[in-house]
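What follows is a short report on a single structure.
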Amino acid sequence: MNTPWIDHSGIVAPMMDDNINTDAIIPSREMKRVSKKGLADGLFANQRYLDTQRDPNPDFILNQAPFTKATILLFGANAGCGSSREHAVWALKDFGIRAVVAESFASIFQANCIANGILPIALPRDQVRAMAQWVEVDPAAHHVAIRLEQKTIGFDGREIPFEIADNPRRMLLNGVSPIDETLVFRKEIDGFFNQDRARRPWLYS
Amino acid sequence: MMPRTLFEKIRDLHVVSKLEDGAHLIAIDRIMLHERTGSIALSNMLDDGRELLRPEAVFSTIDHIVDTAPGRPSTTRMPGGQVFVDEMRRTTKTLGLGLFDVDDSRQGIVHVIAPEQGIALPGITMVCPDSHTCTLGALGALAWGIGSTECEHALATGTLRLPQYGQIRFSLTGQRPEWIGPKDIILHLIAKFGAGFGKDHVIEFAGPAVADLSIEERLTLCNMGVEFGAFTVIIAPDEKTIEYVAGRANAPRPADQDAAVAHWKTLASDRDAKFDLDLTIDVSSISPTVSWGTSADQSIAIDADLPTPESDQPDLLRAIDYMGLTAGAPLLGMPIDGAFIGSCTNSRLSDLQRAANILKGRKLAAGVRGICVPGSTAVKLAAEAEGLDLIFKAAGFEWQEAGCAMCFYAGGETFAPKSRVVSSTNRSFEGRQGPGVRTHITSPETVAWSAICGEIADLRKFPS
């Protein structure tokens, strides 16, 4: 069960590279516990720290004020590609990220975001770029405002509509558990497997 | 009846309920788990007091962070890794699930053992919290990678929600040249179309050049589907598939074989089935292909020059810089420090056989560290039975126990920063094989030949 996703306005960190992969979001060695919590420290560890002593790299955006308090990230195309590791999303969530805006998303990462209450918003390249340019003028004051009910994202006095399928939107808005939602179909699920046992016996013997 | 694609036929067979948005709730036949992500799914299920709906559908192994040193212990040297191994052992025991542990002959990389043990079968739906689950589409299974939370859903409900996806068919035609294998073909395609090309699509590989591939070669082709951005990849089962599957541990018993085969023979896209994109690619002009950069689409023919990025291509400029290369220069002849043969892409018996053919009677170039990690304990034993280990070792390669090993870096063993490594793996991301390591992904034959030459080398010059 996630916290219901309510309208959000926050500091945006533009990280506009294409193909930002989940290894970069959290390197494998930072997956230190069998838990979804306490992973913020490992977020972007390869870029965020200068050495094994974990001195912050001053050139990395999330180490620079006001981006240390970013709640929205801007990525390029194919965001979250690579490994299926959900730790990437748990680390983003633990850091305080509420939404990722990108030109496009890798499928597993997008599903992982929704499952963990992070809103993935896909926008055309020129709109992501325009948003980044506006943010960069005054990152502390230029907050982007996201309204999930209305499916709009606001910046620079504009309200841009975005697309999100009804089901993920509803799940984010209500914070519902997908497992409980599916178990409503328990009778149909049992029915399927009972029938299938006769149809494809080789999978059941 | 409307003509249907292979994907639609398998999906339709598994529909539990039609949902809004054109999505379907579909039954999941088999679930595979490994310790890195599966342990979390199982722990959370137990913590939430959920019931495991179909324990008989779950298969578990440990592969990602196991020690692969010869004669390994049951512990791992990956810092922070032991907790995942321990938790996998604890949760599978608590739930009464079997586990292919390090001392089990069925142990190995999840996508190598799934076909080997007959867990992946034509026409089934199958998931694993691992992005390379698309590998198993090579057998005509609808198989895809998920996150740990989606895995909990599959474990607890026996189902997953399948959104509406588009469909792309690649028909591969033409005679592939000598030395050209599935790794060259898929790297060529990803470079040509882009790493995000398959986004929100199922890709079907078809055509005579696919029919010509062995099952193990098809597994390599499909393995890289996720590097193409695809939801998953699939190939219709044929006689080769039926023959490959027959008699494996979890394949149909003899009494069910005829019924299973009759069903599998229906699993092909109908002649008039509609694809959103239907592309034909001639493989006869593909060269040995190698990645130069930090994304799989940054790959070129081995004798081509590196690109010359414009100033508005920061990704390419950064990749050239990270990889220590010069824009516009040739890649061929770049000195290498390491050679790795392993991973769910290219660590099967036929991969090791092809690499051994190159290595036989030859020695690694001075200063090159060569490592071979078979994909499964069964592959390792089969390779040793035909003496491949002796060829690798005589050439100067380290010969290890089965596992994912140095396909990625988890804080344990790695190559030195800035070392240049030719690798039969699937990813060349920054730091993927260790901090600062420069990985060039390519076929196992090109890895072996480059290791002998001490530089990135063209197989077509191999003195056969």
Side-chain angles (χ1 to χ4, degrees), chain A residues 16-19 21-24 27-36 46-47 76-78 81-87 89-90 103-112 115-116 165-168 177-179 181-183 185-186 188-193 196 199-205, chain B residues 16-17 19-21 23 25 27 29 36-37 39-40 43-44 50 53-54 78-80 83-84 87 121 124 129-131 145-150 152-153 156-159 161 163 195-196 199-200 229 231 252-253 256-257 259-260 263 295 314-315 318 408-411 427 429-432 435:
Chain A
M16 304 294 288
D17 284 343
D18 292 340
N19 303 316
N21 62 77
T22 54
D23 281 41
S28 186
R29 65 175 188 284
E30 299 290 338
M31 296 161 58
K32 286 181 178 152
R33 43 181 79 80
V34 187
S35 164
K36 299 181 177 183
N46 283 344
Q47 294 162 265
N78 202 25
C81 62
S83 167
S84 69
R85 63 182 67 167
E86 200 164 313
H87 292 76
V89 171
W90 298 330
E103 194 186 329
S104 63
F105 289 89
S107 306
I108 303 174
F109 180 76
Q110 187 168 17
N112 285 342
N116 289 283
D166 291 345
N167 186 65
S177 155
I179 293 179
E181 279 214 323
T182 297
L183 286 176
F185 294 98
R186 181 62 194 266
E188 287 87 345
I189 294 168
D190 289 343
F192 174 89
F193 285 108
D196 194 54
R199 194 171 48 169
R200 295 184 302 162
W202 59 89
L203 286 179
Y204 300 85
S205 54
Chain B
V16 170
S17 183
L19 305 172
E20 73 286 10
D21 302 346
L25 187 68
D29 292 321
R36 198 57 153 165
T37 53
S39 57
I40 301 165
S43 293
N44 271 302
R50 299 275 185 198
L53 193 78
R54 300 180 60 237
M78 299 291 188
V83 62
F84 292 85
E87 189 66 0
L121 295 173
I124 70 167
D130 190 291
S131 60
I146 54 178
S148 297
T149 302
E150 281 202 294
E152 286 171 57
H153 187 284
T157 71
T159 65
R161 167 183 255 282
K199 163 76 184 145
D200 287 336
F231 163 68
R253 293 179 182 188
D256 294 322
Q257 176 72 5
H263 167 57
S295 172
D315 291 8
R318 182 177 160 146
F408 62 96
Y409 172 65
R427 288 183 178 140
F429 299 153
E430 280 188 26
R432 173 74 179 179

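We name chains A, B, ... by the order of the sequence lines, and we start the count at 1 in each one. Worth knowing before you read on, the calculation uses all heavy atoms, side chains too, and leaves out hydrogens, waters and symmetry mates.
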Point to revise | For chain A, the option from B:Ile40, B:Leu121, B:Val83, B:Thr37 that forms the most heavy-atom pairs under 4.5 Å | key: B:Ile40

Check your understanding: How close do A:Ser83 and B:Arg427 get, heavy atom to heavy atom, and via which atoms?
Key -> N-NH1, 3.0 Å

Practice item. State, to 0.1 Å, how close A:Arg29 and B:Arg36 come at their nearest heavy-atom pair, and which atoms those are. Key: N-NH2, 4.3 Å

Point to revise | Note, B:Arg432 side chain near A:Asn21 side chain (heavy atom, < 4.5 Å) | key: no

Exercise for review: Counting only heavy atoms closer than 4.5 Å, note whether B:Thr157 contacts chain A via side chain, backbone, both or neither.
Suggested key: both

Point to revise | Side chain / backbone / both / neither for B:Ile124 at chain A, heavy atoms under 4.5 Å | key: both

Check your understanding: Between the main-chain N or O of A:Asp18 and the side-chain N or O of B:Asp315, is there a donor-acceptor pair closer than 3.5 Å?
Key -> yes

Practice item. Please say whether more than 12 non-hydrogen atoms of neighbouring residues, nucleotides or ligands are located less than 6.0 Å from CZ in A:Arg199. Key: yes

Exercise for review: State, to 0.1 Å, how close B:Asp21 and A:Pro168 come at their nearest heavy-atom pair, and which atoms those are.
Suggested key: OD2-CD, 4.3 Å

Check your understanding: Are any non-hydrogen side-chain atoms of A:Gln110 and B:Lys199 less than 4.5 angstrom apart?
Key -> yes

Practice item. Could you look at B:His263 and say if it's the side chain, the backbone, both or neither that has a heavy atom under 4.5 Å from chain A? Key: side chain

**Study point:** Residue, of A:Ser84, A:Ser104, A:Ala111, that accumulates the most heavy atom pairs under 4.5 Å with chain B
**Key:** A:Ser84

Point to revise | Stepwise side-chain contact (heavy atoms from CB on, under 4.5 Å) check, A:Ile189 with B:Arg54 | key: CA-CA 11 Å; A:Ile189 294 168; B:Arg54 300 180 60 237; over 6 Å; no

**Study point:** Interchain contact, A:Arg33 with chain B, by part (heavy-atom threshold 4.5 Å)
**Key:** backbone

Check your understanding: Top residue by heavy-atom pair count (under 4.5 Å) with chain B, among A:Gly82, A:Pro178, A:Pro201?
Key -> A:Gly82

Review point. Roughly how far apart are B:Asp130 CG and A:Ile108 CD1, rounded to 0.5 Å?
Key: 8.0 Å

Review point. Measuring heavy-atom distances to chain A, does B:Phe84 have an atom under 4.5 Å in its side chain, in its backbone, in both, or in neither?
Key: both

Revision key, fill the gap. Max heavy-atom pairs within cutoff under 4.5 Å with chain B, candidates A:Glu188, A:Lys32, A:Met31, goes to A:Met31

Revision key, fill the gap. The interface call for A:Phe105 against chain B, heavy-atom contacts under 4.5 Å, is both

Review point. To the nearest 0.5 Å, what is the distance between CG (B:Leu19) and OG1 (A:Thr182)?
Key: 8.0 Å

Point to revise | Minimal non-hydrogen separation, B:Glu152 against A:Lys36, with atom names | key: OE2-NZ, 3.3 Å

**Study point:** A:Asn112 and B:Thr149, any side-chain heavy atoms less than 4.5 Å apart
**Key:** no

Check your understanding: Which bit of A:Pro27 comes within less than 4.5 Å of chain B, counting heavy atoms only: side chain, backbone, both or neither?
Key -> neither

Exercise for review: Identify which part of B:Asp200 has an atom lying under 4.5 Å from any heavy atom of chain A, answering side chain, backbone, both or neither.
Suggested key: both

Point to revise | Approximate separation, where rounding is to 0.5 Å, of B:Ser148 OG and A:Arg85 CZ | key: 11.5 Å

Practice item. For B:Ser295 and A:Asn19, work out which heavy atoms get closest and say how close. Key: OG-ND2, 3.6 Å

Check your understanding: Is it the backbone or the side chain of A:Glu30 that comes under 4.5 Å from a heavy atom of chain B, or both, or neither?
Key -> neither

Revision key, fill the gap. Tightest non-hydrogen contact, residues B:Ala27 and A:Phe193, listed as CB-CZ, 3.8 Å

Review point. B:Thr159 versus chain A, heavy atoms under 4.5 Å apart: side chain, backbone, both or neither?
Key: side chain

Practice item. Return the option, out of B:Ala195, B:Pro163, B:Ala156, with the maximum number of heavy-atom pairs under 4.5 Å with chain A. Key: B:Ala195

Point to revise | Any A:Asn46 side-chain heavy atom under 4.5 Å of B:Glu430 side chain | key: no

